[in-house]
Amino acid sequence: MPKVLVSDSIDQAGIDILSQVAQVDVKTGLPAEELVKIISEYDALMIRSGTRVTQEIIEAGVQLKIIGRAGVGVDNVDVAAATRAGIVVVNSPEGNTIAAAEHALAMMLSMSRHIPEANESVKSGKWDRKKFIGVEVYKKTLGIVGLGKIGSHVAAAAKAMGMKLLAFDPYISQERADQLSCRLVDMDILLQESDYITLHMPKTKETYHMIDAKAFDMMKPTARIVNCARGGIIDEAALVEALKEGKIAGAALDVYENEPLEADSALRELGQKLVLTPHLGASTEEAQVNVAVDVAEQIRDVLLGLPARSAVNIPGLYPDALEKLKPYLQLAETLGNLVSQLAGGRVDFLDVRLQGELATNNSQPVVVASLKGLLSQALRERVNYVNASIEAKERGIHVIETRDAAANDYTGSLHLEAKGSLGTHSVSGALLGDREMRITNIDGFPINVPPSHHMLFTLHRDMPGIIGKIGSLLGSFNVNIASMQVGRKIVRGEAVMVLSIDDPLPEGLLSEIMKVPGIRDAYTVTL
Ligand SMILES: NC(=O)c1ccc[n+]([C@@H]2O[C@H](COP(=O)([O-])OP(=O)(O)OC[C@H]3O[C@@H](n4cnc5c(N)ncnc54)[C@H](O)[C@@H]3O)[C@@H](O)[C@H]2O)c1
Ligand SMILES: O=C(O)CC[C@@H](O)C(=O)O
C-alpha cells in the first residue's frame, strides 16, 4: 500500500479520501531536518502553507510521486526541483477563493470601523464610543491589484457595497475588467487615486516589494491597504515607516515576509492603525473541506495511476478529456520512441505536427508524450510526463509544434520529424477506430502497420526478389515474421520494408541483411 505523509493540519474529509488507497501518517509541525529523514518512505506529501518543501526534501523523497498543496499558493514548494525529479505538484486553485476574498473584505471593514480595538476595549470593561469613529467604504475608491479569482470576487462584493473600482493587472483583458465594472489603470494611478487598496496577485520576482516606500509616497494620507495575498509583496519596513509618519491611514495584513511573524516584529507595535491576522485567509470550515477534498482526490488519483486535474507542473486533464486523449498519448509515445531510434543519435529539433481533431483539442499532453517517447531511449523510466519537457529543454532539443485542423484520412494524426546529428527522420501515425495504433508513414514512405515490440525496417531498391530474400534470410535464422509491408513512392524506386517480428534479431543477422543486393540500410527497433 502506498504511504502518504500529511505534514500540516488538513480537514478529516481529505484524510478519509486518502485512506481509501494509502496508509496515511499525519505528522504536523515537523522540523525540516526530521522531514528530510523520513520523507524517503513516502509516495505522496500533503501540505498547507506551514511546510516548506525545499530541494533537499525533494531530493530525499526518492519515492515521491506527488506533492499536494491544500490551497492556492505553491510558493512554499520548490516546484522547479519537483519537476526535475518528475514529481507532480498539485494545488486547489479555487477551493478557498471565497474564503480569501471574504477575509480581505472583513479586513477592510474591520480596519475602517476599528473593530479589533473596540472589541478589546469593551471586553476590558470600558464603554468608549468617541475613540472609535470610523469611515465608510460606500462611494470610496477601491484599487484591486490582481484581478484573478479572489480579486474578481472582491470586486463583485465591493461593487455591491457601492464602491468605485480601479484595477491593475497586466495580464487581464479590458473586457474582463469591464465585466467586473473595474477601470483598468496603471499602478501609479491606482496608488494615487485609491482610498482602499487590496492585493490579490501571486508573489513573484515582479511583485516582490511592489508596495515599497515609493509606492507609499504616492498614496493618499487617508488610504488604507489590505494584503491577504502573500507576504513580501509589501515591504514591511516601508509600511512601518509609512504608518508611523502618517503617509497612509491604515493597513491590514494576513500574510508576512516571514511566517510565523517574529515575536519582536515592529508590525506588532503599531496599534490601531494596523490590523493583523495570522494567515487566516483560507481558514473557513468550507474552504478547508474544499481544499482538503480537492487535493486528496488528486493524490488518490495519481497514486492509482490517473492524472491530476490541477497539476501546476504538467498540463492538467479532466478525466473525460483524458479518456479521449489516452490512445493518442500512447501513439505519441510510440512514435517518439520510434523516431528517436530511427534518428540513432542526438536529436536537436523535434517537429510535432498535430492534424485533424488533435489540432483543435487541448493537445499539449500529446507533445509532452512525444518528448517522453523520444527521451525514453536515453533516460528510460527516469523520464515521465512531469519532466519530459524540462529534460528536452536541458538537452537543447528545440520543439516546433504545428497544427493543421484539416482532417486527412484519419480523424486525428500525428507526424514527428527529428533532426539530429545523424540526419533527419520522420514518422507519422494515427488511430484506427479510435484505439488501434497505426504507423502510416516512415521517412516519407506511406505504409500502414500496427507498431509491435520488435520491428525491422529496411530501405531498399524496389526490385523483384528482394522481399523473398529477406524472408528466407530471416527464416534461416529461425526468426518468425508476424507481418510485413512495403511502402514505396514510385515503382522500382526507393522503398521501405517494415517487418514485425516475434523475437529480437539474432546477432549477425542485421549485417547479413545489409549484404543483400539492393538493400541500402536496415535497422531494428524495439518499442
Ligand atoms: N491569505 C490566504 O490565506 C490566501 C488564500 C488563498 C489565496 N491566497 C493568495 O491570493 C493570491 C491570489 O489568488 P487567486 O486565487 O486570486 O489567484 P489568480 O491566479 O486567480 O489571480 C492572480 C492574479 O494576479 C495577477 N497578477 C500576476 N502578476 C501581477 C502583477 N505583477 N501585478 C498585478 N497583477 C498581477 C494575475 O494576472 C491574476 O489575474 C495568491 O497570491 C494566493 O496565494 C492567499
Ligand atoms: O494553508 C492555508 O491556510 C493558507 C492557504 C493560502 O495561503 C493559499 O495560498 O491557498
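Just so you know, ligand 1 is whichever comes first in the structure, and atom 1 is the first atom listed for that ligand.
Under 4.0 angstrom from ligand 1, the non-hydrogen atoms of N96 all belong to its side chain. Residue-level proximity to ligand 1 for D75 is absent, since no heavy atom of it falls below 4.0 angstrom. For N96, every heavy-atom contact with ligand 2 shorter than 4.0 Å involves the side chain, none the backbone.
With rounding to the nearest 0.5 Å, the separation of OH in Y385 from CD in E333 is 4.0 Å. In this structure, NZ on K3 lies 5.0 Å from CD on Q23, to the nearest 0.5 angstrom.
Inclusion of K149 in the set of residues having an N or O under 3.5 Å from an N or O of ligand 1 is warranted. For the pair G151 and ligand 1, the shortest N or O to N or O distance does not fall below 3.5 Å. For L280, no nitrogen or oxygen atom sits less than 3.5 Å from a nitrogen or oxygen atom of ligand 1, counting backbone and side chain alike. Where the criterion is an N or O separation shorter than 3.5 Å, residue side chain and backbone included, D169 meets it with respect to ligand 1. By the 3.5 Å distance cut-off applied to N or O atoms, V145 is not counted among the residues near ligand 1.
Counting atoms of ligand 1 from 1 in the listed order, those under 4.0 Å from a heavy atom of H200 are 12 (C), 22 (C), 23 (C), 24 (O). Counting the atoms of ligand 1 from 1 in the order shown, those under 4.0 Å from a heavy atom of H279 are 1 (N), 2 (C), 3 (O). Every atom of ligand 2 is numbered from 1 in the order shown, and the set under 4.0 Å from a heavy atom of V72 is 8 (C), 9 (O), 10 (O). Against a heavy-atom cut-off of under 4.0 Å, E206 is close to the following atoms of ligand 1: 31 (N). Heavy-atom proximity to G73, at under 4.0 Å, picks out these atoms of ligand 2: 8 (C), 9 (O), 10 (O). Applying the 4.0 Å criterion to heavy atoms of G71 picks out, from ligand 2, the atoms 10 (O). In the vicinity of A100, heavy-atom distances shorter than 4.0 Å reach the ligand 1 atoms 5 (C), 6 (C). Under a 4.0 Å criterion applied to the non-hydrogen atoms of T207, ligand 1 contributes the atoms 30 (C), 31 (N). Contact atoms of ligand 1 toward D254: 1 (N), 2 (C), 3 (O) (distance under 4.0 Å to a heavy atom of the residue). Remark: ligand 2 atoms within the under-4.0 Å shell around heavy atoms of H279 are 4 (C), 6 (C), 7 (O). Interface of R230 with ligand 1, defined as ligand atoms under 4.0 Å from a residue heavy atom, comprises 41 (O), 43 (O), 44 (C). Using a 4.0 Å cut-off to heavy atoms of M210, the atoms of ligand 1 that qualify are 32 (N). Under a 4.0 Å criterion applied to the non-hydrogen atoms of S49, ligand 2 contributes the atoms 1 (O), 2 (C), 4 (C).
For the pair I47/V53, a side-chain contact is recorded, criterion being any heavy-atom separation below 4.5 Å from C-beta on. The closest side-chain heavy-atom distance from D235 to Y208 is not below 4.5 Å. Using a 4.5 Å heavy-atom cutoff, the side chains of D254 and H103 are in contact. Residues L253 and L239 have side chains in contact (heavy-atom distance under 4.5 Å, counting atoms from C-beta outward). Using a 4.5 Å heavy-atom threshold, the side chains of V226 and I197 count as separate. Put simply, the side chain of T54 reaches to within 4.5 Å of the side chain of I57, judged on heavy atoms. Counting only heavy atoms from C-beta outward, the side chains of V90 and R69 never approach each other to under 4.5 Å.
Look at H103 and you'll find every heavy atom at least 4.0 Å from all atoms of ligand 1. For the ligand labelled ligand 1, residue T204 lies outside the 4.0 Å heavy-atom shell. The shortest separation from a heavy atom of T97 to ligand 1 is not under 4.0 Å, leaving the residue out of contact.
If you check which protein heavy atom lies closest to atom 10 (O) of ligand 1, you get I150 CD1, 3.6 Å. In terms of protein heavy-atom proximity, atom 3 (O) of ligand 2 is nearest to R48 NH2, 2.7 Å. Of all protein heavy atoms, the one lying nearest to atom 5 (C) of ligand 2 is R69 NH2, 3.4 Å. Of the protein's heavy atoms, R230 NH2, 2.6 Å lies nearest to atom 9 (O) of ligand 2.
Residue P170 holds the heavy atom nearest to atom 32 (N) of ligand 1 of all those in P202, P170, G73, A287.
Annotation for Q12: atom CD counts as buried by contact number, over 12 foreign heavy atoms lying within 6.0 Å. For E175, the CD atom sits in a loose shell: 12 or fewer heavy atoms of surrounding residues, nucleotides or ligands are nearer than 6.0 Å. At most 12 heavy atoms of other shown residues, nucleotides or ligands fall within 6.0 angstrom of atom NZ in K244. More than 12 heavy atoms of other shown residues, nucleotides or ligands fall within 6.0 angstrom of atom NZ in K273.
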Could you give me the CA-CA distance, side-chain angles and deciding distance for E193 and K164, then say whether salt bridge (Lys or Arg N to Asp or Glu O under 4.0 Å) is met?
-> CA-CA 11 Å; E193 293 189 10; K164 286 180 262 175; over 6 Å; no

